[in-house]
Amino acid sequence: MTLPDSTQADSTQPEKAARFRALHAGDPFVIPNPWDAGSARVLEGLGFEALATTSSGFAFALGRLDGEVTLDEVIAHVAALSAASELPVSVDLENGYGPEPEAAAHAIERVAEAGAVGGSIEDWDRAGRLYEAAHAVERVAAAVEAARAFPFPFTLTARAENLLRGNPDLDDTIARLQAYEAVGADVLYAPGLATVEQIEAVCSALAKPVNVLARPTLTFAEIAGAGAQRVSVGGALTWTAVSAFVDAATAIRDRGDFSLLGSGSVLDAWR
């Protein structure tokens, strides 16, 4: 693995945006989710071609739960990732940090100013409800309008949260995604799809690229074979790292065992 030199960031935002958009027209790809600048650089060094933020992973990095981070804090996070890596960055914007369409549009504008070339808006409110379908469509339409105002191709992802929020109705999920597609979303995303059959049903109902959240029970080949263009991992890499950290710390606390400590050699290329 060759880690990037943080002093050699030369790509402009329009160049990153064009690379990111082109990925959605090529072969299916994985877009991993770093939780900080260091993990972003590691993922870049491993050869991934784009990054997506994780709201839960970033919240963890701040010592909080998912949904407890402000838009201003996300903007600072995006600026740090964009400065640390040459890769295009798409941002998990949750519900846009407000229920109204104007909030979704404002969130898109802010992250673009911070260096992002993509972002997602979901139809779940932090207050604990799914937005009524017509209102959710208005919010996506406002985000699309904001994205189209930039002098580069900002890739807007619209998320239908049904399957994660207690509504297993796949037909309703597909109908929402179709409505988001109709008002201009570039990528459609329904986190929580659990089977190849569900992925196929969603992808076959849509004309635009579909993002699927990875699951340990499905391989990349299975997900891509079912029609997905993009596969993200959400906060799972964060929790993988945290699990290793807890295992090592527990061994130290309980047994005085330091055998699980890493060497740090992965950082040698940064010097």
Side-chain angles (χ1 to χ4, degrees), residues 1-6 30-48 50-85 87 89-94 120 122 124 126 128 159 161 163-166 168 189 191-195 211-223 231-271:
M1 177 180 70
T2 302
L3 292 173
D5 181 346
S6 63
V30 176
I31 182 167
N33 304 71
W35 59 93
D36 61 9
S39 57
R41 292 184 67 190
V42 169
L43 290 168
E44 182 176 13
L46 287 169
F48 291 99
L51 303 171
T53 69
T54 159
S55 63
S56 63
F58 178 49
F60 166 79
L62 297 180
R64 302 180 204 161
L65 296 176
D66 197 10
E68 295 181 351
V69 176
T70 68
L71 178 57
D72 284 343
E73 288 168 327
V74 170
I75 298 308
H77 177 52
V78 171
L81 295 185
S82 297
S85 169
L87 297 184
V89 174
S90 183
V91 185
D92 178 351
L93 286 168
E94 301 181 58
S120 65
E122 63 191 46
W124 169 259
R126 294 180 182 185
R159 293 176 47 152
E161 299 292 296
L163 302 178
L164 296 185
R165 307 299 179 180
Y189 180 20
L193 297 173
T195 67
N211 184 96
V212 170
L213 182 64
R215 302 177 71 91
T217 55
L218 294 175
T219 66
F220 175 74
E222 289 172 323
I223 295 171
V231 181
S232 59
V233 300
L237 281 177
T238 308
W239 314 130
T240 300
V242 171
S243 179
F245 170 86
V246 169
D247 287 347
T250 300
I252 293 169
R253 182 196 66 189
D254 293 349
R255 304 188 300 276
D257 178 0
F258 302 109
S259 65
L260 297 180
L261 293 179
S263 68
S265 60
V266 70
L267 303 182
D268 289 346
W270 290 11
R271 300 179 188 184

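We number each residue from 1, following the sequence as shown.
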query: Taking atom CZ of Phe220 as the centre, does the number of heavy atoms from other residues, nucleotides or ligands within less than 6.0 Å exceed 12?
result: yes
field: Heavy-atom closest contact (Leu260 atom, Ala251 atom, distance)
entry: CD1-CB, 4.2 Å
- prompt: For Ala79, does its backbone N or O pair with a side-chain atom of Ser82 as donor and acceptor, under 3.5 Å?
  reply: no
task: Using distance alone, with no hydrogens and no angle criterion, decide if Thr250 and Asp247 have a side-chain donor and acceptor under 3.5 Å apart.
output: no
- prompt: Ignoring hydrogens and geometry, is there a side-chain-to-backbone donor-acceptor pair from Asn33 to Gly235 under 3.5 Å?
  reply: no
field: Polar side chain donor-acceptor pair, Ser259 to Asp257, under 3.5 angstrom
entry: yes
- request: Return the minimal non-hydrogen interatomic distance between Trp239 and Gly57, and the atom names on each side.
  value: CZ2-N, 4.5 Å
query: Does the side chain of Leu43 come within less than 4.5 Å of Leu51's, by heavy atoms?
result: yes
- prompt: Where the side chain of Thr240 meets the backbone of Ala236, is there a donor-acceptor pair that is under 3.5 Å apart?
  reply: yes
Nearest heavy atoms of Thr53 and Val89, plus distance in Å: CG2-CG1, 4.1 Å
- request: Could you pull out the closest heavy-atom pair between Val231 and Ala214, with the gap in Å?
  value: CG1-CB, 3.9 Å
- prompt: Is the backbone N or O of Ser55 less than 3.5 Å from a side-chain atom of Asp92, with the two atoms forming a donor-acceptor pair by type?
  reply: yes
- request: Quick one: sort the His77 and Phe58 rings into parallel, tilted or perpendicular, breaks at 30° and 60°.
  value: parallel
task: Locate the shortest heavy-atom distance separating Leu213 from Pro191; write the atom from each residue and the value.
output: CD2-CB, 4.2 Å
